[in-house]
Protein chains: 2
Amino acid sequence: MSPKTQKKTKKQIIQEAAVRLFRDKGYSATSMRDLADAVNLKASSLYNHISSKEEILKDICFENAHRFLDGMKEVESLPGTPAEKVEALLRLHIRAATGDAASVMAFNDEWRHLAEPLLSEFMALRRDYERRFMAILKSGMQSGQIQDMEPVVALHTLFSSMRWLYDWFQPGKKLSSEKVEEDMVRMVMKGLVK
Amino acid sequence: MSPKTQKKTKKQIIQEAAVRLFRDKGYSATSMRDLADAVNLKASSLYNHISSKEEILKDICFENAHRFLDGMKEVESLPGTPAEKVEALLRLHIRAATGDAASVMAFNDEWRHLAEPLLSEFMALRRDYERRFMAILKSGMQSGQIQDMEPVVALHTLFSSMRWLYDWFQPGKKLSSEKVEEDMVRMVMKGLVK
DNA sequence: CCTACCGATCGGTAGG
DNA sequence: CCTACCGATCGGTAGG
């Protein structure tokens, strides 16, 4: 182990290359040969580090699911109005999308390629997260702080609104992630028109 | 030709089945055998109606690109403030996504599988549309009607916010498309909080 | 519209 | 970590 930086395992290197390929070409269109080329191995050698193509996708999907669920737990335990909680979660989503774009994109767009029983397990985590997010929205509507509308419409519109970040945003290039975060939070919370 | 309904050509039937499969499994994961099964043909027989898998994707992508460009042209020619034009375009996007979900999804998510030179041609149309949409946003910012922010952030957040509709919305099931449209327009234009 | 088939490529294994 | 290879499946063609 290097004193300065944690040494990456070959498995981590493979996962990071996979995540980039999944973003660029999609999970199905990425072959194990593509992945092997990206890490200078032969396809068969990948299997010394990972057990299958699906395992890589599974790891991406579940790591991100737990990242968001951990964030939710923290927000729930904090004091604050529903609108403040929604803003905190919004910032969590934005930071994940700008800071770890490829991974969050694979998590968002490629989970449907999971096979059972992983697919059901993943969808259960997702539903749990959505249910808890919606509970916050509903309580904000009841207290009159959040606009009265279909909670499910608010939830999905909010989630969706960040989905351009990971196939567009290039950190440090022209726009800072701080400026993007501030503009997006303002637009989602206060709207496009004055 | 039937007197009541325009008879669908086999090509149209194939395209509609393809669009549904691309939505459910993605373009890459959809095989010509899958598509053949969906229309009760053998894979080889598809080629009497279409020339390649990519041709189907090309038709979806370019039909939708022109649909949105036609809408843009109409909105540009209409009188109205920038905010009113943005709202009209927003409604165009929402109606396309709820009314023709599978096609709009393929258009939005699968175009990257086009090969050159189609890919560049498609991206040029997309860039033209985005440029014209951004011009409306900018003029609204200059007149003070639209919140001052990075136009590119506003543009992409707005586009993105509708992307859940086509993998979620089921017309007539619980939520009407009219209610969804009203809630979404209000949320995007006026924000989540009161 | 089908049967029969093409070469290429897929994810993955055997064996060293 | 490689070479060699597996059966399955891919998009697509030939020929009728």
Side-chain angles (χ1 to χ4, degrees), chain A residues 7-62 102 106 109-119 122, chain B residues 7-62 102 106 109-119 122:
Chain A
K7 195 166 176 249
K8 278 180 194 169
T9 65
K10 199 85 186 180
K11 181 167 181 172
Q12 282 177 306
I13 292 168
I14 291 169
Q15 280 182 333
E16 284 166 22
V19 135
R20 261 174 273 128
L21 286 164
F22 292 169
R23 169 163 77 160
D24 293 340
K25 315 175 58 156
Y27 175 76
S28 288
T30 299
S31 73
M32 296 305 272
R33 270 95 176 159
D34 293 333
L35 179 53
D37 286 347
V39 295
N40 285 310
L41 287 178
K42 295 295 172 184
S44 58
S45 302
L46 294 171
Y47 293 89
N48 292 308
H49 305 285
I50 52 130
S51 68
S52 69
K53 187 183 177 185
E54 195 188 15
E55 188 204 41
I56 303 175
L57 182 61
K58 179 203 76 179
D59 286 346
I60 297 168
C61 290
F62 284 85
D109 291 353
E110 308 293 346
W111 58 269
R112 62 185 166 159
H113 297 292
L114 289 171
E116 295 291 0
L118 290 173
L119 182 60
F122 177 81
Chain B
K7 194 164 175 255
K8 278 180 194 168
T9 65
K10 198 85 187 181
K11 182 167 181 172
Q12 282 177 305
I13 291 168
I14 291 169
Q15 279 182 334
E16 285 166 22
V19 135
R20 263 174 271 127
L21 285 164
F22 293 170
R23 169 163 75 161
D24 292 341
K25 314 174 59 155
Y27 175 77
S28 288
T30 299
S31 74
M32 295 306 271
R33 271 93 176 161
D34 294 333
L35 179 53
D37 286 347
V39 295
N40 285 310
L41 287 178
K42 296 294 172 185
S44 58
S45 302
L46 294 171
Y47 293 89
N48 291 308
H49 305 283
I50 53 129
S51 69
S52 69
K53 186 183 179 185
E54 194 189 14
E55 188 203 40
I56 303 175
L57 181 62
K58 180 203 76 181
D59 287 345
I60 296 168
C61 290
F62 284 85
D109 291 354
E110 307 294 347
W111 58 268
R112 61 184 166 159
H113 297 292
L114 289 170
E116 293 292 0
L118 291 173
L119 182 62
F122 178 80

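Chain A is the first sequence line, chain B the second, and so forth, proteins listed ahead of strands; every chain is numbered from 1. Predicted, not measured: the structure shown is a model, and the values here were computed from it.
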Practice prompt. State, to 0.1 Å, how close A/His113 and A/Ser28 come at their nearest heavy-atom pair, and which atoms those are.
Written response: CE1-OG, 3.3 Å
Discussion item. Donor-acceptor pair, distance only, cut-off 3.5 Å: does the side chain of B/Glu55 make one with the backbone of B/Ser51?
Written reply: yes
Worksheet item: Under 4.0 angstrom, heavy atoms only, what part of the nucleic acid is B/Ser31 near: base, sugar-phosphate, or nothing?
Response: sugar-phosphate
Worksheet item: Hey, which of these two, A/Glu54 or B/Asn40, hits DNA chain C nearer its 5' end, going by closest nucleotide?
Response: B/Asn40
Discussion item. Does B/Thr30 reach a base, just sugar-phosphate, or nothing at all? Heavy atoms under 4.0 Å.
Written reply: sugar-phosphate
Discussion item. Quick check with a 6.0 Å cut-off and a 45 degree axis cone: is A/Lys53 positioned over the face of A/Tyr27's six-membered ring?
Written reply: yes
Discussion item. Within the 4.5 Å heavy-atom criterion, are B/Leu114 and B/Lys58 side-chain neighbours or not?
Written reply: yes
Discussion item. Regarding A/Ser52, tell me which of base, sugar-phosphate or nothing describes its non-hydrogen contacts under 4.0 Å with the strands shown.
Written reply: sugar-phosphate
Item to complete: Grab the CG-P distance between B/Asn48 and D/dG15 for me, whole Å please.
Response: 15 Å
Discussion item. Please report the distance, rounded to the nearest Å, between CZ in B/Arg33 and P in C/dC6.
Written reply: 14 Å
Discussion item. Is it the case that the side chain of A/Asp59 and the backbone of A/Ile56 share a donor-acceptor pair, with hydrogens and angles ignored and the cut-off at 3.5 Å?
Written reply: no
Discussion item. Over all strands shown, is A/Leu41 touching base, sugar-phosphate only, or nothing at heavy-atom distances under 4.0 angstrom?
Written reply: sugar-phosphate
Worksheet entry | Which nucleotide in D/dT13, D/dC2, D/dC10 has an atom nearest any side-chain atom of A/Ser45 | D/dC2
Discussion item. Without decimals, in angstroms, what is the distance between B/Leu46 CG and D/dT13 C1'?
Written reply: 13 Å
Practice prompt. Nearest whole angstrom, please: distance from the P of D/dG11 to the CG of B/Leu21.
Written response: 12 Å
Worksheet item: Just how far, in rounded Å, is P of D/dT13 from CE of B/Met32?
Response: 10 Å
Item to complete: Specify the separation, in whole Å, of atom CG of A/Leu35 and atom P of C/dT9.
Response: 18 Å
Worksheet item: Quick one: which of D/dC1, D/dG12, C/dG12 gets closest to the side chain of B/Lys53?
Response: D/dG12
Worksheet entry | Nearest-nucleotide pick for B/Tyr47, side chain only, options being D/dA14, D/dC2, D/dG11 | D/dG11
Discussion item. If I take atom CG in residue A/Asp37 and atom P in nucleotide D/dC2, what distance separates them, rounded to the nearest angstrom?
Written reply: 11 Å
Worksheet item: To the side chain of B/Lys42, which of D/dG11, C/dC2, C/dC1 is closest?
Response: C/dC2
Practice prompt. Would you mind reading off the distance between A/Asp34 atom CG and C/dG12 atom P, rounded to a whole angstrom?
Written response: 14 Å
Discussion item. Only pairs with both distances under 3.5 Å count, Watson-Crick or wobble alike; so what is the partner of D/dG12 in this structure?
Written reply: C/dC5
